[in-house]
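Down below is the structure, laid out as structure tokens.
As the structure is a computational prediction, the values presented were derived from the model and not from experiment. All chains are named by letter (A, B, ...) in the order of the sequence lines, taking the proteins before the strands, and each is independently numbered beginning at 1.
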2 protein chains.
Amino acid sequence: MLRIDLASRVPVYEQIANGLRAELVSRKFSPGEKLPTVRTLAINLGVHHNTVAEAYRQLANEGWLELKRHHGAIVRERNHPEAGPDTMERFTRPLRELVAKGLADGLSPSSLAREMIETARGLEERTAP
Amino acid sequence: MLRIDLASRVPVYEQIANGLRAELVSRKFSPGEKLPTVRTLAINLGVHHNTVAEAYRQLANEGWLELKRHHGAIVRERNHPEAGPDTMERFTRPLRELVAKGLADGLSPSSLAREMIETARGLEERTAP
DNA sequence: ACAATTGTACAGGATCGATGTACAAACATC
DNA sequence: GATGTTTGTACATCGATCCTGTACAATTGT
């Protein structure tokens, strides 16, 4: 389940969007499925429903959800868009910084490498099943 | 060189700290070396010197730098700290979310996997040189 | 000695995030 | 059908955070 870190400096609505996007990418929800209403999810997470609504809106802008009044948030079939030129850079840089933070926090290089390789393996499995 | 994205929502001082930390972790600077003064780096990046100072302070708190007045920021020898219990979680969750964002932006799973494996390989090289 | 340099301290202004409250439209129940 | 409930949305507000402007103390260089 989603967990919100109120102490974090990254906005709650983006934490929700990030978490949901991760689940959507991993096909945890099928198209047509309905996500919880903004209020129920808000209560579950202990935040305001407008905050959840903002997260839903962001995902809807990216094409993941369809928002219809009184029909909740419906998961949409989504075809992959074209990757721009700096898109890869927008991945590699935060990745390096994330690894640096992990090392700075005392994580061993081998455990970090293992985690990344595992994640990569999971990705490739979905590519050629 | 460091590049600052003023449009980004992550604070500039943290962008600077993240970028420098990544370079420090990769041993791009040797202990004893001096980093640019807050003002010169600030001019280079086009930000206020107090913003750079905040980044330096953050890195000093983590033990990467030693700040002495009129001696600039000196790179320190730094021994790895103990990793807490949730430290790994603070790495895997953002990693998953980062991958999800990459996929959402149209990056192919294989290219993401390749990048992560390459980063992991670079890490392991530094482990047993 | 004196000017320049350097990191720091502190106040102000702008922006942003989370909430409180109210509203319009569709649904449920009778 | 009528009415109350549910749902997403809109807007104002409060608080926090970020970046900057400005000033200052301490060291350096000449």
Just N and O in the side chain of A:Tyr13: are any of them under 4.0 Å from OP1 or OP2 of C:dA18?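 For C:dA18, OP1/OP2 do not have a side-chain N/O of A:Tyr13 under 4.0 Å.
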In whole Å, what is the span from the [atom1] atom of [X] to the [atom2] atom of [N]?
X: B:Ile4; N: D:dC18; atom1: CD1; atom2: P; result: 14 Å
X: B:Glu54; N: C:dT8; atom1: CD; atom2: P; result: 10 Å
X: A:His49; N: D:dT7; atom1: NE2; atom2: C1'; result: 9 Å
X: A:Arg39; N: D:dT9; atom1: CZ; atom2: P; result: 11 Å

Between the side chain of A:Arg78 and the main-chain N/O of B:Ala104, is any donor-acceptor distance below 3.5 Å?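 Flag set: sc A:Arg78 to bb B:Ala104 pair under 3.5 Å.
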Is there a donor-acceptor pair closer than 3.5 Å between any side-chain N or O of A:Gln15 and the backbone N or O of A:Asp5?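 Yes: the side chain of A:Gln15 pairs with the backbone of A:Asp5.
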Answer with base, sugar-phosphate or nothing: what part of the nucleic acid does B:Tyr56 contact at a heavy-atom distance below 4.0 Å?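 If one applies the 4.0 Å heavy-atom cut-off, B:Tyr56 turns out to touch nothing in the nucleic acid.
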Would you indicate what B:Arg9 reaches in the nucleic acid, counting non-hydrogen atoms under 4.0 angstrom: base, sugar-phosphate, or nothing?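 Sugar-phosphate, backbone atoms only, no base.
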Please compare A:Thr51 and B:Gly72 by the position of their nearest nucleotide in DNA chain C and report the one closer to 5'.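 That would be B:Gly72.
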Is the closest side-chain donor-acceptor distance between A:Glu33 and A:Ser30 under 3.5 Å?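 Side chains of A:Glu33 and A:Ser30: pair found under 3.5 Å.
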Is a donor-acceptor contact shorter than 3.5 angstrom present between the side chain of [X] and the base of [N]?
X: B:Asn50; N: C:dG7; answer: no
X: B:Arg57; N: C:dG7; answer: no
X: A:His48; N: C:dG20; answer: yes

Nucleotide N/O to protein N/O under 3.5 Å, stretch nucleotides 25-28 of chain C:
residue: C:dA25; atom: N3; partner: A:His70; partner atom: NE2; Å: 2.5
residue: C:dA26; atom: O4'; partner: A:His70; partner atom: ND1; Å: 3.4
residue: C:dC27; atom: OP1; partner: A:His71; partner atom: NE2; Å: 3.3

Can you figure out which of D:dG8, C:dT8, C:dG7 approaches the side chain of B:Val38 most closely?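 Between D:dG8, C:dT8, C:dG7, the one nearest the side chain of B:Val38 would be C:dG7.
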